[in-house]
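So the structure is just underneath, and the comments pick up after that.
In what follows, every chain begins at residue 1, and chains take the letters A, B, ... in the order their sequences are listed.
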2 protein chains.
Amino acid sequence: MRARRFSSALQSSAPVFAALGDPARARLVARLCGGGQMSITRLASGAGITRQAVTKHLHVLADAGLVSGVRRGREQLWELNPRQLREARRCLDTISRQWDDALSRLQVSLEGGG
Amino acid sequence: MRARRFSSALQSSAPVFAALGDPARARLVARLCGGGQMSITRLASGAGITRQAVTKHLHVLADAGLVSGVRRGREQLWELNPRQLREARRCLDTISRQWDDALSRLQVSLEGGG
DNA sequence: CATGAATGCAACCTCCTGGTTGCATAATAA
DNA sequence: TTATTATGCAACCAGGAGGTTGCATTCATG
């Protein structure tokens, strides 16, 4: 079954999607989009949730490979890691293209055989 | 703050990401990638979960705009709806490109000013 | 009409997630 | 050293997500 291929691609990117699926985490990613590094306290300011909650979200994002943190002095700076982002994008691309191909094949088969 | 723009893009695609984040739903999407329509019972066969659980997942996917179902006789056929998929892909694309732009700007600023 | 198949709906359960508070620890500043 | 800042860690809690079972309903079929 060909679906297995796409299934495995989706499965591997599932943590990334799950990570981006939470609004609070999506907001964190958006704030990190500027290209700079930000400390936890700074990320928590104006987030509407406590610093500890932000820390948890950052760990989820890190587990998905979306962000990485570096310690500098007494603060930990977090930055975006776009590799997994691109991987997920490619995954969605593959799926929608596969859908298009299947539809056009279906079209051809209808025109030719029916 | 410029991050607002990307935040809203991410927020609007968040349901799509959340929907794809669950392995069971990702598997359903993968099975629907073939371009055809499938009934609930057929989707449930070999899924490892009950038909009712599959139904719930399909509703989540439908709420995210990823699938749509049509009634035919006594069975309901579900098919993929790639529009939201493309939207989400474009969203990830925007983010990673924004990241690249920010990094290159940072590079230029470092070369020019320091 | 009687039967079986495909689905919908509701109640229920368990577990994980997102969030909090409280306290401990490491690093800068005075 | 002492005070302050930034963070880590653990316990705890409410709510929702994912799953199940049971039953009702609708459609096809004889």
Polar pair under 3.5 Å, donor/acceptor by atom type, side chain [X], base [N]:
X        : N       : result
Arg51(B) : dG19(D) : no
Gln52(A) : dG18(C) : no
Arg71(A) : dG8(D)  : no

Q: By nearest nucleotide on DNA chain C, pick out whichever of Ser39(B) and Val60(A) is the more 5' one.
A: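 Of the two residues, Ser39(B) wins.
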Q: Could you say whether Ile40(B) or Gly73(A) is positioned toward the 5' end of DNA chain C, judged by the nucleotide with the nearest heavy atom to each?
A: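 Between the two, 5'-proximity favours Ile40(B).
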Q.
Quick one: does any side-chain atom of Arg25(A) pair with a main-chain N or O of Ala19(A) as donor and acceptor, under 3.5 Å?
A.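 Flag set: sc Arg25(A) to bb Ala19(A) pair under 3.5 Å.
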Q. Would a distance-only check, ignoring hydrogens and angles, find a side-chain to backbone donor-acceptor pair under 3.5 Å from Ser13(B) to Leu10(B)?
A.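 No; zero donor-acceptor contacts below 3.5 Å.
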Q) Under 4.5 Å between any side-chain heavy atoms of Glu75(B) and Leu77(B), yes or no? A)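 Glu75(B) vs Leu77(B): side chains touch.
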Grab the [atom1]-[atom2] distance between [X] and [N] for me, whole Å please.
X        : N       : atom1 : atom2 : result
Leu43(A) : dG8(D)  : CG    : P     : 12 Å
His57(A) : dC16(C) : NE2   : C1'   : 14 Å
Ile49(A) : dT21(C) : CD1   : C1'   : 15 Å
Asp22(A) : dA17(D) : CG    : P     : 12 Å
Met38(B) : dA6(C)  : CE    : C1'   : 15 Å
Leu77(A) : dA27(C) : CG    : P     : 15 Å
Arg42(A) : dT7(D)  : CZ    : C1'   : 17 Å
Asp63(B) : dG18(D) : CG    : P     : 12 Å

Does the side chain of [X] get closer than 4.0 angstrom to OP1 or OP2 of [N] through an N or O atom?
X        : N       : result
Gln76(A) : dA6(D)  : no
Thr50(B) : dT20(D) : yes
His59(A) : dG8(D)  : no

Q.
On DNA chain D, compare the nucleotides closest to Arg74(A) and Lys56(A); which residue's is nearer the 5' end?
A.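 The 5'-side residue here is Arg74(A).
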Q | Under-4.0 Å salt bridge between Asp101(A) and Arg105(A) | A |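 Judged by the 4.0 Å cut-off on N to carboxylate O distance, Asp101(A) and Arg105(A) do not form a salt bridge.
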(Q) Regarding Asp100(B) and Arg86(A), does a basic nitrogen lie under 4.0 Å from an acidic carboxylate oxygen? (A)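 A salt bridge is present here (some side-chain N lies under 4.0 Å from a carboxylate O).
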(Q) Counting the atoms with a prime plus P, OP1 and OP2 as sugar-phosphate, which does Arg72(A) contact under 4.0 Å by heavy atoms, base, sugar-phosphate, or nothing? (A)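 No contact.
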